[in-house]
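Heads up, the thing below is written out as structure tokens.
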Amino acid sequence: MSTINEISLKEAAGLIQDGDCIAFSGFTIWRRPVALCYEMVRQGKKNLHLFEVQGGFHSEVLIGAGCVKMWEGSWIGQELLGKTGVNLSRKQCGGEVIVDDYSHGHAVARIQAGAIGVPFFPTALAMGTDILNPEYDGFARAGQRDGSNPYVARKKYEIVKDSFYDMGELLLMPAINPKVALVYAPMVGTEGTVRVLAQSYNDSDVIKAAETVIVICEEIVPDEYLRREPTQNLATGYEIDYVVKCPWAAHPTGSQYYYDTDADFLRYFNANTRTQEQFDKWADEWIFSVDSHEEYLEKLGVKRIEMLRASQALGYSTRVKRGMR
Amino acid sequence: MSTINEISLKEAAGLIQDGDCIAFSGFTIWRRPVALCYEMVRQGKKNLHLFEVQGGFHSEVLIGAGCVKMWEGSWIGQELLGKTGVNLSRKQCGGEVIVDDYSHGHAVARIQAGAIGVPFFPTALAMGTDILNPEYDGFARAGQRDGSNPYVARKKYEIVKDSFYDMGELLLMPAINPKVALVYAPMVGTEGTVRVLAQSYNDSDVIKAAETVIVICEEIVPDEYLRREPTQNLATGYEIDYVVKCPWAAHPTGSQYYYDTDADFLRYFNANTRTQEQFDKWADEWIFSVDSHEEYLEKLGVKRIEMLRASQALGYSTRVKRGMR
Amino acid sequence: MNASNEYAKVGEFKPIDLLAAAGAREVNDGDVVFAGTGLPMLAITLAQYTHAPNSRCIYEAGSIDGRPIDLPTSVGDARCCYQCAKAGGLYEAFYGQLHSGYVDLGFLGGAEIDKYGNLNTTVIGDYNSPKVRFTGSGGNADINSYATRTVFIMNQEKRRFREKIDYVTSPGWRVKKWPTGEWVPRREVYGKFFRGGPTAVITDMAVFRFDEEGLMYLDTVHPGFTVEDVKANVGFDLNVSRVSGETKPPTYHELDLLYKKVDPEGIFLP
Amino acid sequence: MNASNEYAKVGEFKPIDLLAAAGAREVNDGDVVFAGTGLPMLAITLAQYTHAPNSRCIYEAGSIDGRPIDLPTSVGDARCCYQCAKAGGLYEAFYGQLHSGYVDLGFLGGAEIDKYGNLNTTVIGDYNSPKVRFTGSGGNADINSYATRTVFIMNQEKRRFREKIDYVTSPGWRVKKWPTGEWVPRREVYGKFFRGGPTAVITDMAVFRFDEEGLMYLDTVHPGFTVEDVKANVGFDLNVSRVSGETKPPTYHELDLLYKKVDPEGIFLP
């Protein structure tokens, strides 16, 4: 019978050090630890190194606010609600953020290797592309591959030959073991058992791979309840370090069976943070003008909140207007 | 909307060719496709090559009956109900079966690699042991590692050096892609969706790794029912090839929420198949004297069947006497 | 519901309707399809309603063979999981399904393409100091490297159909062999991992396919456009010697399905 | 239930009771324990009832931190899953947990052991034409290579405590470095993957531990046995210079727990 180490949102963000290598839960615009990212912006974090299987709104906020120095991942954007990551685009083109690109399958392999404690993972995905172009190895060009940064491998990848079945050449991708995992989960048990709903994404890998795991959740529930269906649980209590209780922490990204993605909010963000001036104005309104997550929710208002609330039968909102009809 | 390819037990066993490389579902004495193994014995299969993460009653039956020429795996036995695999022991010591040993972690790595289509998997488990002793490479000694057998790798393992994080030496274990997977699952849907209950073991890997997949099940249920909880399903319809409906097909191994392991049956088998004469007598009684699975069940009798039937609340039988009190 | 299999006439359908219908026709019954967000969702869903009821769709976030009753706007959407056969994570999607060899057809989009079907979804300009950054690869490179067939859905613009694209995100029929970067046939890089490659590009003007050498050629031109229109919107010397005719428009039945069953909310279809 | 923490006297407990109690004492509160079938289950469960309520147990088949209300007879048993925190498969157990580095303590058995804590659970005789085959490694080699501490529970027999065992299934403090097979300290083979190694061997006669060089020494002798009894049942020259006294017997409370709560059905305890 273990207990959880429950801390506040401010304390949780306070655990992040400038320069930390961070990975996140979720997928593009689903189950991202957004409230934690807002608070990190308020606390003025700098020089963060983000490893992302794929990025989304949360990373666009951190990047736009100037918290990020290094970004590696396979993709950034908000899918149909903002096709490209306009903030990363601006900062990458402006030379403010060092970027290193992978394919989705490469990134999945890297976090899987980190999760299971092996230094690399084999894959034959995405061979023959510029992802493997040594000239485009962003981290190497920034002098990060000399072994001095424990969160950057000495090589971006290795080509090896299979000697077991004569399959020819394939790739080894290096593991990634971030310093901190910031994980949004709808439910955490009183003993720290973690559950996510509908789809697990890479959340278990992110938890296992990271040195320190902070889980921000909608609600803390009896562990006994979660243990009735142990195949549905994502992580055990000893895999996580801190828990923050913070309803709607993922907004404007969605959380299945709790709330839908806030399409209007995301579209507005994407359309109105293309320049730094625009971003700063947006951040003033949604991050700096509120001092707590409770204030943020008040600002969203009941009508918006209720529109986003998910159907308990379907897992998503049936009230939100999504299209043109 | 796909349909399933339902065949009879006899037809299913008939698909197995002499010499085939086979892997099984389940764990030691749980969820083994026993009825299929009995039928393979009846049909007199020869020279089979078994890859087993770990073996159990089903493999002891096939080995005892002389169906097996090559066995590789990490373990064989029936846990507390028959600690060693007495039939493999007899045949290995007698030079009748070629054996190659791995650790459990090595075997898991091998079937995982086979499942995801990579030729090897990295691991640092079980280094420094005689499992890696080149003198004890049973398949190499039998001349099987020359590349002519597609189910045997050219090397038992490889030692490589990590060049990403200077972690030093670790192992690559070769993938295994068996020709046939024989899988017991409690439920298969009308479109072939497969569900197992309580624990998944390596069943998904075995299915993905094999070229042909035969699933023997307790019942065929509406696919729509299984699709209500998609995170609980093991495999999709396109991952499997044939379905056999055969209640109690796993007996005397257990199937969670259907029936418990038959401890008396397993203990008796282990104690009374140590010599070939003993095994032959046992096989006469339980395999050759019955021509169908229905006859086998009649022979077990209602009392035994009812004693083994699992509690729907707990997943195992509360009627079976297990200990001395 | 209009059940007529007659083709609609020019003016009775929008470009996007034809894109969806032409996309759907690339799906064979029984295919396991790995599809991205957006138009691919329309195409595969339409195919399932018509000639390919046994096709199954995997989305990158891990849902397999879902039967959404509301069109998803993200591949991670809760809607994707409704009545799906299996909901795993990305490791299952990319390794348990794609790398394991189950995927017959990939449905992808892109910003730039070259005549070998190499695709760019990463940057415009030099990668090391780009003019614009797009999303990056996502699953594009992976799906395109491991699906037996890949179909691209793109906008027809000269600046998108280029002799040389700025960054090869996703592999076509001639790719770069590392460490040198020498251009070689795809099979030389993929060896025994070779499973196939790009088979069609569908734009708002035409359908393109690839010949035995992996070179793109014009197959059909959409109603209302000419071969010359297409050539004028392709930045490389396009092979037009194998044009097989006009792209079939959507049927009335397909149009009805698209607007009434596939996207009744008007998420993609205005 | 007897709540007395007084030690039971010789004659009031069976050898197996002491084994279970001594095993339980090796568990620290908070430990993540990876345990095999049989006696280890008694030991870890007893520890959870007494001084280590926050210890958690992983079984090889994939159940994590279960709270069985009926003692399992197999690590794949449905009983292991009751109220467990997570039920995954073997990939989760061996890679997601063990290789990932979460396991503090391994609880294992074996047929033969040498003075460096190498264990044999595979064959007696030459592997290539053995006299007897046992189960094989199972998770023994893996758990013993990746748990921070490992405790073995074994029978005390001269033929089981050998100078040289017939097959090294599971790695002790000096192991074989391949490809040559040269004996080297464990750290030399495991390098940065080194996490620890065997810490104790508990038999029906005594408790052994390992010194700084990884050599087994006698720590405590069970009530009713002498150092000479133990030496007579060890096949190598045993270091008895560090004996710290007599093994503590089970308490009345522990005995009560074992027979009334841990194994009321009498599966292991007659």
Side-chain angles (χ1 to χ4, degrees), chain B residues 27-30 53-54 73-77 79-81 83-85 88-89 92-93 95 101-105 108 112 123-136 141 159 166-170 198-205 254 256 261 263 310 314-316 322-325, chain D residues 37-38 60-63 70 73-82 87-91 94-95 98-99 122-123 127-142 145-146 167-171 175-179 181 186 189-193 263-268 270:
Chain B
F27 185 94
T28 63
I29 49 174
W30 290 90
V53 175
Q54 85 296 127
S74 80
W75 196 91
I76 191 163
E79 297 197 67
L80 291 179
L81 309 170
K83 188 71 191 176
T84 61
L88 180 62
S89 182
Q92 180 178 0
C93 296
D101 272 282
Y102 292 88
S103 79
H104 223 156
V108 169
Q112 175 71 204
T123 182
L125 294 176
M127 302 195 293
T129 68
D130 273 330
I131 294 168
L132 308 178
N133 189 335
E135 293 294 310
Y136 297 164
R141 294 178 71 92
I159 298 175
D166 287 334
M167 290 292 286
E169 288 185 348
L170 71 161
Q199 282 173 285
S200 53
Y201 306 142
N202 295 99
D203 293 358
S204 168
D205 293 345
Q256 294 92 339
T261 49
L314 296 169
Y316 52 88
R322 302 189 306 147
M324 286 160 274
R325 277 193 295 280
Chain D
T37 314
E60 271 171 81
S63 67
D70 296 296
T73 56
S74 150
V75 291
D77 199 317
R79 290 160 184 84
C80 299
C81 293
Y82 191 77
L90 276 77
Y91 185 69
F94 282 92
Y95 288 92
L98 184 65
H99 208 299
T122 305
V123 293
Y127 180 80
N128 294 318
S129 101
K131 292 202 196 79
V132 187
R133 184 201 164 82
F134 303 125
T135 54
S137 165
N140 207 311
D142 310 301
S145 62
Y146 246 71
Y167 184 97
V168 176
T169 309
S170 189
V175 297
K176 293 179 175 182
K177 187 172 172 67
W178 303 109
R186 180 189 180 95
V189 164
Y190 279 84
K192 291 187 185 163
F193 298 103
D263 186 16
E265 292 177 72
I267 293 168
F268 301 91

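Below, read A as the first sequence line, B as the second, and so on, with proteins coming before strands; counting in each chain starts at 1.
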Which atom names give the shortest non-hydrogen contact between [X] and [Y], and what distance separates them?
X      : Y      : answer
D:G76  : B:Q199 : O-OE1, 3.3 Å
B:A198 : D:C81  : O-SG, 3.9 Å
B:R325 : D:D263 : NH2-O, 2.5 Å
D:R133 : B:C93  : N-SG, 4.0 Å
B:I131 : D:A141 : CD1-CB, 4.2 Å
B:W30  : D:S74  : NE1-OG, 3.3 Å

So which of [options] has the biggest tally of heavy-atom pairs under 4.5 Å with chain D?
options                      : answer
B:L314, B:L125, B:T261       : B:L125
B:Y316, B:Y201, B:Y102       : B:Y316
B:G168, B:P134, B:G73        : B:P134
B:M167, B:K83, B:Q256        : B:M167
B:I76, B:D101, B:T28         : B:D101
B:G85, B:G95, B:A124, B:G254 : B:A124

Can you check whether [Y]'s main-chain N or O pairs, donor with acceptor, with [X]'s side chain at less than 3.5 Å?
X      : Y      : result
B:T84  : D:F134 : no
D:W178 : B:T129 : yes
D:N128 : B:E135 : yes
D:Y95  : B:G105 : yes

For [X], which atoms come within 4.5 Å of any heavy atom of chain B: side chain, backbone, both, or neither?
X      : answer
D:K131 : backbone
D:D77  : both
D:S145 : side chain
D:T122 : side chain
D:V75  : both

Examine whether an atom of [X] lies under 4.5 Å from a heavy atom of chain D, and if so say whether it belongs to the side chain, the backbone or both; otherwise answer neither.
X      : value
B:D166 : both
B:I29  : side chain
B:E169 : both
B:L132 : both
B:T123 : both
B:S103 : both
B:R322 : both

| query | Quick one: do the B:N133 and D:Y127 side chains pair a donor with an acceptor below 3.5 Å? | reply | no
| message | Would you say D:Y91 and B:D205 are linked by a side-chain donor-acceptor pair, where the criterion is simply a distance under 3.5 Å? | response | no
| field | Aromatic plane relationship, D:F94 with B:H104 - under 30° parallel, 30 to 60° tilted, over 60° perpendicular | value | tilted
| query | Between D:G138, D:G136, D:P179, D:G89, which has the largest tally of heavy atom pairs under 4.5 Å with chain B? | reply | D:G138
| Among D:P171, D:A87, D:C80, D:G191, residue most engaged with chain B (heavy-atom pairs, under 4.5 Å) | D:P171
| request: Show your working on side chain to side chain contact (heavy atoms under 4.5 Å, CB included) between B:E79 and D:T73 and close with a plain yes or no. | output: CA-CA 7 Å; B:E79 297 197 67; D:T73 56; over 6 Å; no
| said: Before you tell me yes or no, could you show the steps for D:V175 and B:M127 under side chain to side chain contact (heavy atoms under 4.5 Å, CB included), namely the whole-Å CA-CA distance, both residues' side-chain angles and the distance that decides it to 0.1 Å? | reply: CA-CA 8 Å; D:V175 297; B:M127 302 195 293; over 6 Å; no
